[in-house]
Visitor: 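Next up is a structure, given as structure tokens.
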Amino acid sequence: MSERDVLELDCVVVGGGPAGLAAALRFQQRAEQEGRSDLAIAVLEKASSAGLHLLSGAVVDPRGLDELLPGWRELDPPIEAEVHSERFYAFSSRRAYRLPTPPPMHNKGNFVCSLNRLAGWLAGIAEGRGIDIFCEFPARELIVEDGRVCGVVLGDQGIAKDGSRRPNYMPGAEVRAKVTILCDGVRGNLTKQLMSRFPAILRDRNAQDYETGVKELWQVRPGSFPAGRVVHTLGWPLPPDIYGGSWIYGMSGDRISLGLVMGLDYTDPTYDLHREFSRFKTHPYIREILKDGKLIRYGAKAIPGGGLYAMPRIYGTGWLLAGDAAGMVNMARLKGIHLALKSGALAGDAAFDAVASGDVSAERLSSYERAFGESWAFDELHGVRNFRAAFKKWRRPRAMLAVVLQTLLNGRGVTYARLRHTQPVHAGLGAPRPPAEGPAFDGELTFEKLTDVYYSGTSHEEDQPSHLVVVDPSVCVERCTAEYGNPCQYFCPAGVYEFETELVINAANCVHCKTCDIKDPYGIIDWVTPEGGGGPNYTDL
Ligand code: SF4
């Protein structure tokens, strides 16, 4: 007999980010409207409070909030600034050339915020509505019975590194629910299990594209970068065959959000995301902004950038997918929070209808996909449905031309028959080579990886099994060294992987960006949830 406690709910939401909180809020709103206060919903969050593991730019399109919480501006939202000026530059190694801002990057009417604080604020509203948010509750496994998702199993607490039980051992509970809404973020561990259990949900889809954003929060000289100014750049230090660009967003209190997004479909096995972000900061334009400033926070996060054609089916018997877990990101706008809120709200609606009717079959829950297909979120993603695939197919100048055409034609035209691709981003790495030289780490403008990790506030219980599971470690020594030169030691932006004669995994430094789970060339790194509460501490990111 199982020693696990069992919690029975009508709906469980995995992930306390914008999608998960929107799903829970909409479910609860419907329950209130329709007199079904008997229906029980809860949110499971692995961080010690909602938002602490979230990182984004972020400039938010308010549309999702306007619909979810009419009058939200009266609820003391954590807005840093309304966007009042925008600039767009192409970088060479020495110069910044100002260009017209491409239409998708226009941000009039949007606002700068910290996603971490936005999620904390939304969680407060959800709790005020009576929704339980269980923090430090990492959902470790899907419960699948007879082809139907029936809930999740939480991770055990108190397992030592050697597998024995520590004095505080507590088995993770089973949380059973009629509908499970997965909002476990980019490359969510449960969404990954779902795709493996139900591969048909990926049928006829493009392989998902991924990027990783590396970000710092800086205190800058008073008046040097106003709150509400939004700058994007493309070009240097990224070579023409690597998709990406940067952002600089002015926040309140003379702070800026600064980040570089890099496509993970690169082929150089020594490509180092942290090194290139450091190099980016040495550009004269950036150096001038950061002069006499001070680093406050660091973090990194992968982004699912493939768009509409790379999204899996988003419903099935007993389950729904929303937010980054479903690939709801518009890479042309470098935005996903409004889509997370919208998809979460639609999922909450569908879950409520299904639970209230007593029918949680795939057919009934397919109302979610229909509602999504009729929404502005679908129209927005449809208009840019080939955006990322164009950069995959062509080098930057031709892809830019195709993207301009796409924007002018709202996604139509000869260039925009569906661009298909099935190669995952971890395929196609080249042979080992010496890594490119990076900038010197001076401790003022540029920092060693481990110094940056310190600024992420990351902490994990040290005495626990590694949450980075290398399914077959012999591959690292016997094949990877010769074939690729162990690229994990370069792509991890937190320096978790070290390789001399064998692989050493410093799991305690992991900032939960998911890059290794995505980019490992053999697909043998499995990111699983660590003990509850462990991970980065992304205040204000
Ligand atoms: Fe990201 Fe993986 Fe490194 Fe953790 S170990 S910081 S998930 S690349």
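Heavy atoms only: backbone and side chains are in, while hydrogens, waters and symmetry mates are out. Positions are given from 1 along the sequence. Both ligands and their constituent atoms are indexed starting at 1 by order of listing. In this text, all values refer to a predicted model and were calculated from it rather than measured experimentally.
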Visitor: Tell me, please, if C513 has any N/O/S atom, main chain or side chain, under 2.8 Å from atom 1 (Fe) of ligand 1?
Guide: yes

Visitor: At a 4.0 Å threshold, what atoms of ligand 1 neighbour a non-hydrogen atom of L468?
Guide: 5 (S)

Visitor: Nearest protein heavy atom to atom 2 (Fe) of ligand 1, by residue and atom, and its distance?
Guide: C516 SG, 2.3 Å

Visitor: Just by distance, no angles: are the side chains of T270 and R433 close enough, under 3.5 Å, to form a donor-acceptor pair?
Guide: no

Visitor: Look at the N, O or S atoms of H512, main chain and side chain alike, and state whether any lies under 2.8 Å from atom 4 (Fe) of ligand 1.
Guide: no

Visitor: Numbering the atoms of ligand 1 from 1, which are under 4.0 Å from a heavy atom of W527?
Guide: 7 (S)

Visitor: Could you list which atoms of ligand 1 come closer than 4.0 Å to a heavy atom of A494?
Guide: 6 (S)

Visitor: Would you mind checking which non-hydrogen protein atom is closest to atom 4 (Fe) of ligand 1, with the distance to 0.1 Å?
Guide: C510 SG, 2.3 Å

Visitor: Determine whether the side chain, the backbone, both or neither of V496 has a heavy atom under 4.0 Å from any heavy atom of ligand 1.
Guide: side chain

Visitor: Could you tell me which non-hydrogen atom of M331 sits nearest to which non-hydrogen atom of V261, and how far apart they are?
Guide: CE-CG1, 4.3 Å

Visitor: Pairing donors with acceptors under 3.5 angstrom, does anything connect the side chains of K301 and H53?
Guide: no

Visitor: Considering only heavy atoms, does N509 approach ligand 1 within less than 4.0 Å through its side chain, its backbone, both, or neither?
Guide: neither

Visitor: Does NZ or CZ of K514 lie under 6.0 Å from the centre of the six-membered ring of Y210, at an angle within 45° of the ring axis?
Guide: no

Visitor: Could you find the nearest protein heavy atom to atom 3 (Fe) of ligand 1 and give me its residue, atom name and distance?
Guide: C492 SG, 2.3 Å

Visitor: Counting only heavy atoms, which portion of F491 has something under 4.0 Å from ligand 1: side chain, backbone, both, or neither?
Guide: neither

Visitor: State whether the side chain of D442 and the backbone N or O of T446 hold a donor-acceptor pair below 3.5 Å, judged by distance alone.
Guide: yes

Visitor: Restricting to N/O/S atoms, is C488 within less than 2.8 Å of atom 3 (Fe) of ligand 1 or not?
Guide: no

Visitor: Between E498 and N506, do the side chains contain a donor N or O and an acceptor N or O under 3.5 Å apart?
Guide: yes

Visitor: What residue and atom, counting heavy atoms only, is the protein's closest point to atom 6 (S) of ligand 1, and at what distance?
Guide: V511 N, 3.3 Å

Visitor: For the residue pair Y309 / Q208, report whether a side-chain donor-acceptor contact shorter than 3.5 Å exists.
Guide: no

Visitor: In terms of side-chain heavy atoms, does S114 have a donor or acceptor partner in D540 at a distance below 3.5 Å?
Guide: no

Visitor: Among all protein heavy atoms, pick the one closest to atom 7 (S) of ligand 1 and tell me residue, atom and distance.
Guide: K514 N, 3.1 Å

Visitor: So if I apply the ring pair (Phe, Tyr, Trp, His ring centres under 6.0 Å) rule between H232 and each of W247, Y89, Y249, which one comes out positive?
Guide: Y249

